[in-house]
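One structure below.
Quick note: numbers below take in every heavy atom, side chains included, and nothing from hydrogens, waters or symmetry partners.
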Amino acid sequence: MAERPEDLNLPNAVITRIIKEALPDGVNISKEARSAISRAASVFVLYATSCANNFAMKGKRKTLNASDVLSAMEEMEFQRFITPLKEALEAYRREQKGKKEASEQKKKDKDRKTDSEEQDKTRDEDNDEDEERLEEEEQNEEEEVDN
């Protein structure tokens with residue numbers, strides 16, 4: 001846990017970026033208002049986390065999951081956030097699935113390339129052996145002719 005209350009605040013750069021994205025162009029915000037929003041956001045995150053943790057504890061789990069957060073939103077009477085959160089969660093899961101599939105495909109391609117390179121190497125070694133054998137046979141034939 002944090003030792004000082006200010007350790008619980010979200011980073012100012014993050015808060016500033018969120019505020020700028022939420023406000024129309026040309027609208028400014030005072031330092032005092034930004035600080036108040038930052039503290040309010042931190043309190044909201046702490047409260048939501050605490051509520052979500054209660055759902056995890058009821059489920060005899062130590063790990064909070066998405067359903068705990070969604071249940072916490074409902075318990076906190078923030079039902080209007082549930083649909084956007086579910087949509088964001090689905091988008092996140094699709095993105096992660098896409099990354100996983102891309103990673104697996106990359107691994108398969110790498111394995112195929114490695115297998116192909118090994119086959120090429122074996123083929124080259126076989127060709128080298130064949131060439132050496134042919135050279136030996138030619139030398140033997142030449143020696144027989146000389147004798």
For this session: Look at the side chain of S103 and the backbone N and O of K99, then say whether any donor-acceptor pair between them is shorter than 3.5 Å.
Result: no

Exercise. Does a side-chain heavy-atom distance below 4.5 Å link E74 with Q79?
Worked result: yes

Seminar exercise, completed: Separation between CD1 (I37) and CD1 (I15), nearest 0.5 Å, reads 8.0 Å

Distance-only check: which donor-acceptor pairs under 3.5 Å involve side-chain atoms of residues 81-94, not counting sequence neighbours?
none

For this session: May I ask you to test the D68-S71 pair for a side-chain heavy-atom distance under 4.5 Å?
Result: no

For this session: Not counting sequence neighbours, list each pair that qualifies as a ring-ring contact (aromatic ring centres under 6.0 Å, His included) and has a residue in residues 20-64.
Result: F44-F78

Seminar exercise, completed: Residue pairs meeting side-chain hydrogen bond (donor to acceptor under 3.5 Å, both in side chains), one or both in residues 11-39, sequence neighbours left out, come to none

Problem set entry | Shortest non-hydrogen contact from M76 toward A48 | SD-CA, 3.5 Å

Exercise. What heavy-atom pair brings L10 and A41 nearest, and what distance separates the two atoms?
Worked result: CD1-CB, 3.7 Å

Problem set entry | Q96 atom CD, neighbour heavy-atom count above 12 within 6.0 Å | yes

For this session: To the nearest 0.5 angstrom, please state how far the CG atom of N53 sits from the CZ atom of R61.
Result: 9.5 Å

